[in-house]
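Working notes for the structure below.
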Amino acid sequence: MLKLPGLIDPHVHVREPGQTHKEDWDSVTQAALAGGVTMILAMPNTKPPIFDEATLNLALDAAKGKARCDYAQFLGAGPDNADWDRHKGLPLRAAGLKMYLDSTFGELRLDDMTLWMPHFEKFPKDFPIVLHSESRTMAAGILFAAIYDRPIHIAHVSLKEEILLIKAAKEKGIKVTCEVCPHHLFMVSQLTDEERGKKKEGRDEVRPRLATQEDVDALWQNMDVIDCFATDHAPHTLEEKDSENPPPGFPGLETLLPLLLTAVSEKRLNIEDIIQKSVTNPRKIFNIPEQPETWIEVDESAEYEIKAENQFTRCGWTPFEGWTVKGKVMKVVLRGKTAFEDGKVLAEQGYGRNVRQSCKTSPM
Ligand code: NCD
Ligand code: ZN
């Protein structure tokens with residue numbers, strides 16, 4: 001039995017408020033615990049999106065009643081909410097600021113670079129801005145980090161050109177960190193260059209899209225440039241994924257660690273990489289307190305098949321269905337209490353703590 005610290009997933013779509021038929025604070029935190037994840041950072045592209053005091057309270061109230069693992073909630077950058085200097089209490093209550101610079105699922109999007117500027121100027125510099133920015137948009141985001149001299153964290157890096165540029169930016173001393181998702185490390189796009197971006201295969205739809213073997217190889221070759229593993233757990237129901245207009249996104253909380261441990265058993269990764277990228281680095285980057293008396297126990301030699309029917313996520317499917325993996329989460333202890341054991345979630349609703357709670361100050 002291998003003992004590891006509880007994992008932190010810095011990129012999770014909870015779907016509450018607004019789309020609880022896909023997932024909610026209860027089901028998502030059950031999925032997290034089953035995956036060995038004891039803390040999630042929740043993305044703001046809910047319905048309504050989380051972008052001000054009222055909507056932040058909406059998400060945090062739901063979380064307070066239902067979450068079974070620890071958490072923090074991101075604020076979203078919109079066209080009209082960049083006056084963070086006048087609402088100082090808000091950033092302190094959030095995981096950070098998420099900026100959507102490319103199109104994806106949800107309403108938050110900033111097309112015009114003049115809309116990026118006030119957020120870069122005014123969001124407190126001790127909390128990172130997380131960018132959804134692909135390819136050349138990512139290069140623009142890095143230029144902004146350099147100009148405004150503030151930390152940014154690039155979400156879900158998937159391309160060779162992206163990881164190479166981040167490497168070069170780090171060498172120049174620009175304050176950039178990044179995360180990579182398991183699906184971009186373990187899956188290769190089956191589409192040709194011509195088909196990519198045109199063809200709609202619901203269950204393959206994800207943003208950023210699955211990339212080529214060359215891109216996947218570049219991520220593995222530059223493992224030292226990757227700061228964090230993040231699932232980008234983005235649950236949509238099977239019915240939605242198989243519909244005419246499938247929304248992009250994969251669930252991932254329950255498959256993250258088994259996939260990484262399988263890579264360890266194949267000697268493509270080591271345990272230290274997992275601890276660094278799923279615990280130490282996210283804690284540092286997002287300014288997260290340590291979770292005392294928190295650990296997970298995994299059976300490194302347990303081999304089994306991934307099956308959606310064994311998962312806690314409400315979405316009812318996984319892109320890794322039928323994959324054989326080696327490494328199983330047996331037990332999770334969160335702040336001294338057994339939260340998951342023998343396939344059962346034991347932590348109750350409301351046991352999860354908002355890790356930004358101690359920062360609570362009155363807004364304005
Ligand atoms: C995400 C979602 O469904 O909320 N989808 C995805 O494909 N990753 C949005 C996002 O993170 O871009
Ligand atoms: Zn996402």
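Counting starts at 1 for both ligands and their atoms, in listed order.
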Contacts of Asp273 meeting salt bridge (charged side-chain N to carboxylate O under 4.0 Å, His left out) (sequence neighbours excluded), chain-then-number -> none
Atom 5 (N) of ligand 1: nearest protein contact (heavy atom, Å): Pro248 O, 3.1 Å
Under 2.8 Å from the Zn ion (ligand 2), the protein N, O or S atoms found are His11 NE2, His13 NE2, Asp232 OD1
For Ala234, the ligand 1 atoms whose distance to one of its heavy atoms is below 4.0 Å: 1 (C), 2 (C), 3 (O), 5 (N)
Can you tell me if His11 contacts ligand 1 (heavy atom of the residue under 4.0 Å from the ligand)? yes
Which residue and heavy atom of the protein sit nearest atom 10 (C) of ligand 1, plus the separation: Thr104 OG1, 3.3 Å
Would you say the side-chain atoms of Asn57 and Arg93 include a donor-acceptor pair closer than 3.5 Å? yes
Do any nitrogen or oxygen atoms of Tyr100 lie less than 3.5 angstrom from nitrogen or oxygen atoms of ligand 1? no
After noting the C-alpha distance and the side-chain angles of Phe250 and His236, does the key distance pass the ring-ring contact (aromatic ring centres under 6.0 Å, His included) rule? CA-CA 7 Å; Phe250 291 166; His236 300 282; 9.8 Å; no
Can you list the ligand 1 atoms lying under 4.0 Å from a non-hydrogen atom of His132? 12 (O)
By salt bridge (charged side-chain N to carboxylate O under 4.0 Å, His left out), which residues pair with Asp227, not counting sequence neighbours? Lys170
Using the salt bridge (charged side-chain N to carboxylate O under 4.0 Å, His left out) criterion, which residues pair with Lys241? Sequence neighbours excluded. none
Lys/Arg cation over aromatic Phe127: Arg356, 6.0 Å, 45° cone: no
Which option wins on minimum heavy-atom distance to atom 2 (C) of ligand 1: Arg207, Met43, Arg15? Arg15
Enumerate the atoms of ligand 1 whose separation from the nearest heavy atom of Asp232 is less than 4.0 angstrom. 8 (N), 11 (O)
Inspect the contact between Arg15 and Asp24 and indicate whether a charged nitrogen and a carboxylate oxygen are less than 4.0 angstrom apart. no
With no hydrogens and no angle check, just 3.5 Å: does a side-chain donor-acceptor pair link Gln291 and Asp70? yes
Roughly how far, to the nearest 0.5 Å, is NZ of Lys64 from CG of Asn354? 9.5 Å
Could you list which atoms of ligand 1 come closer than 4.0 Å to a heavy atom of Val206? 7 (O)
Ignoring hydrogens and geometry beyond distance, is a side-chain donor-acceptor pair present between His13 and Asn45 at under 3.5 Å? yes
Quick one: do the Glu321 and Trp323 side chains pair a donor with an acceptor below 3.5 Å? no
Among all protein heavy atoms, pick the one closest to atom 11 (O) of ligand 1 and tell me residue, atom and distance. His13 NE2, 3.0 Å
